[in-house]
There are 2 protein chains.
Amino acid sequence: MINQGADLDRAFHALADPSRRLIVERLARGPASVSELARPLTMSLPAVMQHLQVLEACSLVASEKAGRVRTCRIEPEMLRRVEQWVARQRTTWERRLDRLGDYLAEDQQEGIQR
Amino acid sequence: MINQGADLDRAFHALADPSRRLIVERLARGPASVSELARPLTMSLPAVMQHLQVLEACSLVASEKAGRVRTCRIEPEMLRRVEQWVARQRTTWERRLDRLGDYLAEDQQEGIQR
DNA sequence: AAGATAGTTAAGCATCCACTTGACTGTAGT
DNA sequence: ACTACAGTCAAGTGGATGCTTAACTATCTT
């Protein structure tokens with residue numbers, strides 16, 4: 001529990017790369033092989049492999065090899081954790097704004113009543 | 001519209017750093033000065049400044065200077081965009097799983113009917 | 001068995017990142 | 001005026017990142 005942030009470090013970092021996000025977007029539509037993932041990317045196969053390793057290292061993606069083809073798929077749990085962290089900050093902020101709004105409205109009421 | 005991904009690149013990269021996430025978590029609870037943000041971080045003030053510049057460059061944070069103190073606050077729009085991208089991938093994946101479940105259930109039905 | 005396909009490993013390289021220290025600027029309190 | 005405070009600018013450094021090419025392995029196809 002102490003270092004649970006390190007997972008988020010890696011996940012956010014993994015998603016900071018447009019090629020890796022493209023891979024995730026593709027995998028969200030269903031499993032795919034390495035070369036299928038590589039096709040839309042303008043880089044060498046080893047480079048794609050390295051991106052996949054980054055995505056696997058932070059559990060955003062999983063893969064198994066059957067014969068000579070490795071099939072990759074989304075691992076939704078980490079996606080959920082990333083989403084939750086972001087949502088938490090946003091809602092914390094928005095709830096605070098609401099309270100502030102209430103306070104100001106109250107204040108205005110008092111002003112009127114005087 | 002063409003390069004809207006570059007914003008996400010920067011936002012995800014910004015959030016990949018634990019110190020920067022700590023800053024965002026703090027700001028979600030309300031505006032704060034630079035030194036207030038620096039207090040829990042074990043690094044020099046210029047380092048904190050650089051983190052803030054990263055957060056401002058991708059519009060996750062905004063700030064104004066009044067007198068000698070710069071007050072920083074969350075800029076929720078980019079947080080929303082990050083959240084939406086992640087949510088989109090997750091839901092795309094989950095809807096696909098649902099369809100797959102339906103298909104399998106249907107298949108089982110046919111099997112029974114035969 | 002020979003060749004094509006799919007992926008993997010290793011090494012090297014340019015660039016970027018997070019941080020530091022030191023010098024400096026503008027504002028506030030006394 | 002003068003000292004402290006809050007923040008800023010600039011330059012440098014060590015280590016990580018994203019890519020490349022070349023060589024290699026394992027599996028399918030004919």
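Chain identifiers are assigned alphabetically (A, B, ...) following the order of the sequence lines, protein sequences preceding nucleic acid strands; residue numbering begins at 1 within each chain. In this text, all values refer to a predicted model and were calculated from it rather than measured experimentally.
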Side chain of A:Gln50, base of C:dT9: donor and acceptor closer than 3.5 Å?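 There is none.
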Are any of [X]'s side-chain N or O atoms less than 4.0 Å away from OP1 or OP2 of [N]?
| X | N | value |
| --- | --- | --- |
| B:His13 | C:dA18 | yes |
| A:Ser35 | C:dA6 | no |
| B:Ser44 | C:dC19 | no |

What integer distance in Å separates [X]:[atom1] from [N]:[atom2]?
| X | N | atom1 | atom2 | result |
| --- | --- | --- | --- | --- |
| A:Leu45 | D:dC24 | CG | C1' | 14 Å |
| A:Leu52 | C:dG7 | CG | P | 10 Å |
| B:Arg10 | C:dC16 | CZ | P | 14 Å |
| A:Asp9 | D:dT17 | CG | P | 11 Å |
| A:Gln53 | C:dG7 | CD | P | 13 Å |
| A:Glu56 | C:dT8 | CD | C1' | 13 Å |
| A:Glu64 | C:dA6 | CD | P | 19 Å |
| A:Arg68 | C:dG3 | CZ | P | 16 Å |

By nearest atom, which of the nucleotides [options] is closest to the [X] side chain?
| X | options | value |
| --- | --- | --- |
| A:Pro46 | C:dG7, C:dA10, C:dT20 | C:dA10 |
| A:Arg70 | C:dT8, C:dC19, C:dG7 | C:dT8 |
| B:Met49 | C:dC19, D:dG18, D:dG7 | D:dG7 |
| A:Val34 | D:dC19, D:dG7, C:dG7 | C:dG7 |

Using a strict cut-off of less than 4.0 Å between a Lys/Arg side-chain nitrogen and an Asp/Glu carboxylate oxygen, indicate whether [X] and [Y] qualify as a salt bridge.
| X | Y | answer |
| --- | --- | --- |
| A:Arg80 | A:Glu75 | no |
| B:Arg21 | B:Glu25 | no |
| A:Glu83 | B:Arg90 | yes |

With a distance cut-off below 6.0 Å to the six-membered ring centre and an angular limit of 45° from the axis, does B:Arg88 pair with B:Trp85 as a cation-pi contact?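 Ring-cation test returns no.
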Passes side chain to side chain donor-acceptor pair (under 3.5 Å), B:Ser63 versus B:Glu56? Steps please. CA-CA 8 Å; B:Ser63 72; B:Glu56 289 204 42; 2.7 Å; yes
Heavy-atom nearest nucleotide on DNA chain D for A:Ala66 versus A:Val54: which residue maps closer to 5'?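 Between the two, 5'-proximity favours A:Val54.
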